[in-house]
Amino acid sequence: MKIATFNINGIGARLPRLLEWLEETKPDVACLQELKAPDERFPEMEIRAAGYSAIWHGQKSWNGVAILAREGLDLVETQRGLPNDPDPSHSRYIEAAVGGVIVGGLYLPNGNPQPGPKFDYKLAWFEALLERAQTLFASEQPVVLAGDWNVIPTDHKDDIWDARRMADDALSQPESRAAFRRLIHAGWTDAIRAIHPRGPVYTFWDYTMNAWARDAGFRIDHLLLSPAAADRLADAGVDRDTRGKEKASDHAPVWAVLR
DNA sequence: ATGCCTCGCACAGCGAGA
């Protein structure tokens, strides 16, 4: 089963690219972030015509998450919004049981500028996610937490093209990284690094600064696997080509295959 | 140090993204 995550940066502007990507890469499950649309503007008909059922948690202008499942797979919502979400007005989490796997689709707050209230919110939201992750972990089911985590795990060139340029950014702060690392220490597996232990693997390239052409990117979109899911991990990667197309999102899709 | 670009909203230019 191939599970992907893709921050599309606007379902309205990105729908043609999204449909093209679904057709080309055929994920079984796709977590989407940054719909930037209220529930009633989710293009359910077009998604269904592409061969996918969907659940979504929209919001006007900002945030918004969805989970798509290929026809034939039962998609059963298990959570909408995080329990103990510090600000439920943000639509940042949706979770479903699909194909025997629990899939949590998340859009972690960016947190800039830091320090400040937005960074505090990022850390508070992370705490609520850690609680949910602990509950899911304890279930001993195969679980995949997939999304835009807005955390660059390390300063290594393998995760970021130039750590100094991002030193003051919320994405690379020690507090953000510590929260991410707590999941790794608790036994969650970073699918990309399990398959590609070394070498640059970027998932985001800024629209500005000619970042894509210079490969000035970093890694913030992750799939974290519970032990029962990690035992089945066969492959993982980034659909870099998607970032190079016209009218592309600034994120590329990331995926993992479970046996 | 700032803007570089893009999105949504709404129809100008701004907030937000990362």
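As a basis for the values below, the full set of heavy atoms in this structure was taken, side chains included, without hydrogen atoms, waters or symmetry mates. Chain naming here is simple, since letters A, B, ... match the order of the sequence lines and numbering starts at 1 in each. If you're wondering where the values come from, they're calculated on a predicted model, not measured in any experiment.
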Consider only side-chain N and O atoms of [X] and [Y], and report whether a donor and an acceptor are under 3.5 Å apart.
X        : Y        : result
A:Lys122 : A:Asn110 : no
A:Thr154 : A:Asp159 : yes
A:Glu131 : A:Asn84  : yes

A:Trp62 vs A:Gln59, nearer the 5' end of DNA chain B by closest nucleotide: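 Here A:Gln59 is the residue nearer the 5' end.
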
Of A:Lys247 and A:Asp148, the one whose closest DNA chain B nucleotide lies more 5':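 Its nucleotide being nearer the 5' end, the pick is A:Lys247.
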
Rounded [atom1] spacing from [N] to [M] in Å:
N      : M      : atom1 : result
B:dC4  : B:dC14 : P     : 13 Å
B:dG8  : B:dA18 : P     : 14 Å
B:dA10 : B:dG15 : C1'   : 14 Å
B:dC7  : B:dT2  : P     : 25 Å
B:dC11 : B:dA1  : P     : 36 Å
B:dG3  : B:dG13 : C1'   : 16 Å

Aromatic plane relationship, A:Trp149 with A:His222 - under 30° parallel, 30 to 60° tilted, over 60° perpendicular: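 Plane angle between 30° and 60°, so tilted.
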
Regarding [X], tell me which of base, sugar-phosphate or nothing describes its non-hydrogen contacts under 4.0 Å with the strands shown.
X        : value
A:Asn150 : sugar-phosphate
A:Lys122 : nothing
A:Gly12  : sugar-phosphate
A:Asn7   : sugar-phosphate
A:Asp169 : nothing
A:Asn63  : nothing

Inter- and intrachain pairs under ring pair (Phe, Tyr, Trp, His ring centres under 6.0 Å), touching residues 46-91 of chain A, at least two apart: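 Matches after skipping sequence neighbours: A:Phe42-A:Trp56, A:His90-A:Tyr121.
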
All salt bridge (charged side-chain N to carboxylate O under 4.0 Å, His left out) counterparts of A:Lys60, not counting sequence neighbours: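 Per chain and number, A:Lys60 pairs via salt bridge (charged side-chain N to carboxylate O under 4.0 Å, His left out) with no residue.
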
Start and end of the DNA chain B segment that chain A contacts, any atom under 4.0 Å from a heavy atom: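 Footprint of chain A along DNA chain B, 5' to 3': B:dC4 to B:dA18.
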
Residue pair A:Met1 / A:Val101, side-chain heavy-atom distance below 4.5 Å: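 The answer is yes, as the side chains (C-beta and beyond) meet within the 4.5 Å cut-off.
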
